[in-house]
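Heavy-atom basis, side chains included; hydrogens, waters and symmetry copies ignored. Order of the sequence lines fixes the chain letters, A, B, ..., with proteins taken first and strands second; residue numbering starts at 1 for each chain.
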Amino acid sequence: MEEAPNLKVKRPGGGEFYALVWTTTPWTLPASMALAFHPDLEYVLAEVEDGDVYIVAKGRANAVQEETSLRFVKFSEPVLGKVFEGAKFKHPFLDRIEPGVLAEYVTLEQGTGIVHTAPGHGAEDFYTGQRYGIDIYAPLDDEGRFTEGLPEYKGKTVFEANPFIVKLLQERGALVGEGKLSHSYPHCWRCHNPVIFRATEQWFIDLEHDKLRERALDEIAKVKWFPAWGEERMRKMVAERPDWCISRQRFWGVPLVVFYCEKCGELLKDFHALRNVVKWFEKEGADAWFTHSAAELLPPGTKCKCGATAFRKEKDILDVWFESGSTNLAVLKGNLWPADAYLEGPDQYRGWFQSSLLVAMGVRGHAPFRQIITHGWTLDADGRPMSKSKGTGELPAEIVEKWGADLLRLWVTSQDYQTDMRFSEPMVAQLAESYRKIRNTFRFALGNLDGFDPARDAVQDSQLQEMDAWMLYRTGELVEKCRAWYDEYAFHRVFHALHDFLVVDLSAFYFDVLKDRLYTFARRNTARRSAQTTMWRITSALVRLIAPILVFTAEEVWKLLPRAAGDAPSVHMALFPKREELVANVAPDKKRNWESLLDVREQALKKLEEARNSKLINSALEARLEMRASGKTLDLLRSYASWLPQLLIVSQVSVASANGKSPASSAANAVDEIEVRHADGKKCERCWNYSTHVGENQTYPTVCERCTAALAEIERSGNAKSGGA
RNA sequence: GGGCCUGUAGCUCAGGUGGCUAGAGCGCGCCCCUGAUAAGGGCGAGGUCGACUGUUCAAGUCAGUCCAGGCCCA
């Protein structure tokens with residue numbers, strides 16, 4: 001925001017009328033060519049005491065009195081602005097008649113409702129001027145100095161001229177009000193100096209030529225957009241954009257290959273001759289344009305239609321967006337074109353996406369991409385865009401240095417990148433915790449697969465424990481979901497699903513339950529091998545699924561994971577798992593059973609926690625659960641009675657009929673009653689379970705009956721030929 | 001000012017066609033374990049679903065207005 005003069009200028013109309021006009025840029029007055037009225041706004045003729053009559057928008061009359069010395073004493077009936085179209089007004093200090101014109105952008109927010117129009121100094125004014133066939137007048141040179149006009153300002157720059165023009169208005173009696181106004185004025189983004197608008201000649205690509213716009217719109221409909229709103233955004237932008245101005249006034253860049261005849265000024269349209277420039281570019285690059293003369297660049301004997309043979313080069317360079325828009329032609333050779341997908345931020349709907357589309361439409365007649373994927377903007381912790389100049393940026397290289405590359409990828413992946421994404425240290429720190437959990441879970445699996453050789457030790461599907469087969473099945477479901485999410489680039493859903501499965505289903509549940517089998521059963525016991533086989537298959541599937549997200553960690557896991565013959569040497573060369581790989585034979589009713597058992601487990605854990613808090617037990621293995629249930633739940637518990645202790649990680653579970661007692665809950669799978677007692681017997685030194693049978697075996701007096709059997713099995717296999725881990 | 005987009009617990013996310021006391025993980029609090037240990041397990045407390053107004057028997061879910069934020073224009 002900055003202060004600008006806020007002037008009310010009167011313009012003599014044809015007779016005794018004055019039009020009141022408002023401006024903040026006095027320097028544009030010499031180029032003022034018309035007065036704009038809104039066609040549908042009401043205007044009044046306001047008379048002051050000395051008899052002068054001013055045209056002013058009805059809705060601004062009061063404001064005008066407050067801002068000027070004018071005191072209106074009489075108002076006419078209002079008339080619509082459209083009546084002033086074609087009216088004639090005198091310029092306040094030049095010998096020029098300005099017509100009244102109509103423009104929709106005139107508002108009642110500020111000023112007088114009448115806007116002075118300088119088609120040479122603003123885009124809106126330019127288009128208004130075009131509509132009325134008014135000259136584009138901009139009497140300024142490249143340094144912003146007036147090249148013609150009154151001696152009061154001629155030769156001065158626009159900013160120097162401002163006060164002199166104000167003075168000029170005062171001297172001519174044309175200034176009825178003067179104030180200061182804070183408003184935003186355009187500035188150079190680079191040097192921050194104020195800029196002025198000046199109409200100049202430029203090169204354009206005509207969007208209507210060869211139906212470019214229409215054909216581009218057709219192509220937009222054929223592209224697949226992620227997210228889907230991209231299509232609508234691009235369609236509107238292309239449908240409504242102006243012609244593409246492709247020339248820029250810079251000292252260096254890719255040149256516009258255009259020659260003008262030195263004699264008659266005509267464009268050289270000899271395309272055979274122009275082609276010669278291509279040879280120079282192939283040899284020396286585009287710089288050849290600047291290091292060679294027109295005579296050198298053109299083939300000998302090139303002539304203008306007028307017969308002259310001397311040419312000058314166009315000095316303007318090509319818009320850099322044209323260059324970026326043509327990269328697909330350079331990068332995607334042969335059948336690699338078009339690209340499968342372009343990936344960029346939302347600003348590129350106006351930039352790269354669009355320039356690429358338009359250039360490719362012109363050259364190839366088709367979009368250079370099959371899909372457009374748009375990511376959100378990167379914001380800081382407060383939701384502000386990251387900005388280098390404001391010092392709010394985070395350099396990816398520094399993040400990688402501090403947290404590791406996988407963490408940076410995890411940050412990207414954990415969020416929905418299609419909306420704006422925030423970055424903050426606490427967020428990454430939290431993500432680091434998730435990362436460690438994932439890593440540890442993989443590490444646990446690897447540790448328990450030490451020495452496991454799939455070719456030798458894996459059990460057949462038919463030998464898998466029911467729970468293990470069920471876990472494979474669940475992994476298969478996850479695989480299917482993740483593959484679908486990858487297909488639609490929904491990476492954050494993949495990450496969240498994998499993370500939750502690893503943390504909840506594996507670490508907290510399945511792996512925890514497996515510990516008993518893994519640690520206490522004989523190494524080559526089929527139940528233990530079933531556990532390992534399942535762990536191995538699940539880990540192999542998950543590590544492949546997570547590989548695009550945690551590239552280094554996944555590779556590390558893959559290198560340490562026992563592999564079957566033919567497995568890829570790198571996880572990044574392996575294919576995603578297929579659901580079929582994970583499906584073991586589990587009947588639908590068994591799946592339902594296990595889901596129900598999970599509900600039972602949840603109920604039991606709450607009771608165990610209560611028991612812990614009341615100091616009845618510490619470890620869950622100190623507990624014996626007495627369950628009473630009815631109906632289907634009772635049937636379920638009875639048929640899975642042998643599974644219950646390991647599933648709940650307690651030493652003993654008894655199941656009894658509720659005997660018509662009122663159920664504790666009406667929820668499905670609700671156990672009517674779960675009572676926690678201290679487990680019977682003594683703690684087995686080996687498996688930590690409590691058992692009344694500890695001490696019964698004389699060979700192993702400190703262990704339970706299960707461990708006695710396990711130890712016997714180990715002894716037998718120890719005497720047999722070695723069979724690996 | 002215009003076009004497009006976003007807004008669910010402290011954080012990151014789920015919640016087709018509107019329907020039970022809004023879910024998950026993390027974080028946090030408390031507890032347990034010590035054979036994943038610079039680990040592991042459990043329980044628990046956290047949300048007026050940006051705001052308001054409508055439509056409906058019923059809205060996080062539909063419509064409208066507004067607020068906050070983002071990208072691009074003006």
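- Side-chain proximity of A:Arg350 to B:A24, B:C26, B:C72: nearest is B:C72.
- Within the nucleic acid shown, A:Asn613 comes within 4.0 Å of sugar-phosphate atoms alone, with no base atom in reach, counting heavy atoms only.
- Under 3.5 Å, the side chain of A:Gln430 and the base of B:G10 form at least one donor-acceptor pair of N or O atoms.
- Look at B:C57: its Watson-Crick or wobble partner, with both distances under 3.5 angstrom, is B:G19.
- The side chain of A:Thr419 has B:U6 as its nearest neighbour among B:C43, B:A24, B:U6.
- Taking the C1' atoms as reference points, B:C26 lies 38 Å from B:G64, given to the whole Å.
- Between A:Tyr342 and A:Phe353, the ring planes are tilted. Angles from 30° to 60° get that label.
- The residue A:Lys515 sits close to a base: some heavy atom pair falls under 4.0 Å.
- At the heavy-atom level, A:Pro385 lies under 4.0 Å from the strands shown only through sugar-phosphate atoms.
- Across the protein-nucleic acid pair, A:Trp377 atom CH2 and B:A68 atom P stand 22 Å apart, rounded to whole Å.
- The nucleotide whose nearest atom lies closest to any side-chain atom of A:Arg493 is, among B:G15, B:G27, B:G42, B:G15.
- We find that CD1 of A:Ile549 is positioned 14 Å from C1' of B:C13, with the value rounded to whole Å.
- As a whole-Å value, the separation of A:Leu506 CG from B:G40 P is 13 Å.
- Nearest nucleotide to the side chain of A:His499, out of B:C26, B:G70, B:C31: B:C26.
- At a cut-off of 3.5 Å, with distance as the only test, no side-chain donor of A:Trp536 or A:Asp457 sits close to an acceptor on the other residue.
- In this structure, B:G7 and B:C67 make a Watson-Crick or G-U wobble pair, each of the two defining distances being under 3.5 angstrom.
- When the P atom of B:G40 is taken as reference, atom CG of A:Asp512 falls 11 Å away, rounded to whole Å.
- Across all strands, A:Ser507 comes closer than 4.0 Å to base atoms (heavy-atom distances).
- How far CG of A:Leu407 is from CG of A:Leu550: 8.5 Å, rounded to the nearest 0.5 Å.
- Pairing for B:G46 is absent, judged as Watson-Crick or G-U wobble with the two contacts each under 3.5 Å.
- At whole-Å resolution of the value, NE2 in A:His496 and P in B:A14 are 7 Å apart.
- For B:A36, there is no paired base (Watson-Crick or G-U wobble, both distances below 3.5 Å).
- Residue A:Leu431 is the one, among A:Ser619 and A:Leu431, whose nearest nucleotide of RNA chain B lies closer to the 5' end (criterion: closest heavy atom).
- Across all strands shown, A:Ser424 has no heavy atoms under 4.0 Å from either base or sugar-phosphate atoms.
- Among the protein residues, A:Glu685 comes within range of the nucleic acid bases, having at least one heavy atom under 4.0 Å from a base atom.
- Nucleic acid contact class of A:Lys607 (heavy atoms, under 4.0 Å, all strands): none.
- The nucleotide whose nearest atom lies closest to any side-chain atom of A:Lys615 is, among B:C32, B:C72, B:U34, B:C32.
- Note: CZ (A:Phe495) to P (B:U12) measures 13 Å, nearest angstrom.
- A side-chain donor-acceptor contact under 3.5 Å links A:Gln371 and A:Tyr489.
- One interatomic measurement links the two molecules: CD1 of A:Ile649 to C1' of B:G42, which rounds to 10 Å at whole-angstrom precision.
- Of the candidates B:C43, B:A14, B:G41, B:G41 carries the atom nearest the A:Lys437 side chain, counting heavy atoms from C-beta on.
- Nucleic acid contact class of A:Arg686 (heavy atoms, under 4.0 Å, all strands): base.
- Per the geometry, CZ belonging to A:Arg439 stands 13 Å off P belonging to B:G40, to the nearest Å.
- Between the side chain of A:Arg233 and the base of B:C71, a donor-acceptor pair under 3.5 Å is found.
- Classification of B:G47 as anti follows from a glycosidic angle more than 90° from 0.
- For the pair A:Arg233 and A:Tyr349, the cation-pi test (distance below 6.0 Å, angle within 45°) is passed.
- Counting non-hydrogen atoms under 4.0 angstrom, A:Tyr519 reaches a base of the nucleic acid.
- Under the Watson-Crick or G-U wobble criterion, with both distances below 3.5 Å, B:G27 has no partner in any strand shown.
- Side-chain atoms of A:Glu232 lie closest to B:C4 of the nucleotides B:A36, B:C4, B:G70.
- Nucleic acid contact for A:Asp416: sugar-phosphate only, since backbone atoms but no base atoms lie under 4.0 Å from a heavy atom of the residue.
- Counting only heavy atoms from C-beta on, A:Glu433 has its side chain closest to B:G27 among B:G27, B:C31, B:G25.
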